[in-house]
Amino acid sequence: MPPPVFRFAPSPNGYLHLGHAYSALLNADLARASGGKLLLRIEDIDRTRCRPAFEQAIYEDLSWLGLAWDGEVRRQSDHLALYHGAVERLSALGLIYPAFESRAEIARLVAVKETAAPWPRDPDGAPLYPGLGKQLSATKRADLIAAGVPYALRLDMTAAIALAGELSWQELGSGPDGETGSIAARPEAWGDVIIARKETPTSYHLSVVIDDALQGITEVVRGADLFWSTSVHRLLQHLLGLPAPVYRHHALLRDAEGRKLSKSTGSTGLRELRAAGVSPVDIRTMVGLGSAL
Ligand code: GLU
């Protein structure tokens, strides 16, 4: 068996906090314990929120933590053409359609629907796509695109599931309700997810499965907030003929009020803690990983 390959995949849209430290250190510990590798990937496809300064801070904070990674860092924004190729493949399977409603229009459509009955939400709590993109004629789509109307490329979830059939993944950690072992994927819970946008030729879901495959990742260790996203990842892996890693979702660290840590949470930011004299060994203890650096 080749040695396992792990990855830490932060987005440079803010400074790292204790939750990131936990995830990164857990990946590093698992890689070390299994004689495996740890790769670093910068998930920076969202050009409106990601900043080079945050990327630099990621390298500094991880180095300060005593964390080293194998090989070159992979930066997603360097590979947009590759993701575009995958969108074309899904498109050739007849699984992609452009949807032209803005976020505000979608919110309005949902509000109208909800006057009658609750509208279904995805596992993150966002309403499923309520629009009519799938029904538009080829001519209408071409006209709107030619007129420069922004659009999102969505996955026809019903057609994608019909093509892929039932899928599952191997969970070594656990989901939000303690789910573990073989987990049946439920991509239908996400509706017609966005695969790419006019201005960004990819999405988190698409680039993560392509990069995990290209980097040879065998074990994905990440927060349990992404547990149900794995349903979409398994579906895309299947449709694109990519291998499926095993998954190990871990509990999220919470602040004193029980809230998920966010990138703007000063008191748990690694930079703030470092400035306050906290050491990397203290950080390991704070996140519950013991002191063995
Ligand atoms: N880039 C994602 C984040 O910072 C993590 C994605 C993943 O681990 O699959 O939340």
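Each ligand, and each atom within it, is numbered from 1 in the order the structure gives.
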request  = Could you give me the CA-CA distance, side-chain angles and deciding distance for H233 and Y204, then say whether ring-ring contact (aromatic ring centres under 6.0 Å, His included) is met?
outcome  = CA-CA 10 Å; H233 302 168; Y204 159 63; 5.3 Å; yes
note = Nearest non-hydrogen contact to atom 6 (C) of ligand 1 from the set E43, H233, R222, H249 belongs to E43
inquiry  = Would A9 count as being in polar contact with ligand 1, using the rule that some N or O on each side must be under 3.5 angstrom apart?
reply    = yes
request  = State the atoms of ligand 1, each with its element, that fall below the 4.0 Å cut-off from a heavy-atom position in R7.
outcome  = 7 (C), 8 (O), 9 (O)
request  = Take every heavy atom of Y204, measure it against each atom of ligand 1, and state whether any distance is under 4.0 Å.
outcome  = yes
inquiry  = Under a 3.5 Å cutoff, is there a donor and acceptor pairing between the side chains of E272 and Y15?
reply    = no
ask   = Could you walk me through whether E219 and R7 pass the salt bridge (charged side-chain N to carboxylate O under 4.0 Å, His left out) check?
value = CA-CA 8 Å; E219 189 168 328; R7 65 12 173 225; over 6 Å; no
inquiry  = Any nitrogen or oxygen of H20, side chain or backbone, less than 3.5 Å from one on ligand 1?
reply    = no
note = A student checking ligand 1 against V208 at a 4.0 Å heavy-atom cut-off should list atoms 9 (O)
request  = Could you note down all residue pairs passing side chain to side chain donor-acceptor pair (under 3.5 Å) where residues 180-193 supplies at least one of them, sequence neighbours left out?
outcome  = Y97-D192
task = Give the other cluster members for L109, using side-chain heavy-atom distances under 4.5 Å between Ile, Leu, Val, Met, Phe, Trp and Tyr residues; answer none if it is isolated.
result = none
query = Do H249 and S174 have side-chain atoms, one donor and one acceptor, less than 3.5 Å apart?
reply = no
ask   = Counting heavy atoms only, which part of L226 comes closer than 4.0 Å to ligand 1: side chain, backbone, both or neither?
value = side chain
key: Per-residue contact class, H205 against ligand 1 - non-hydrogen pairs under 4.0 Å   = neither
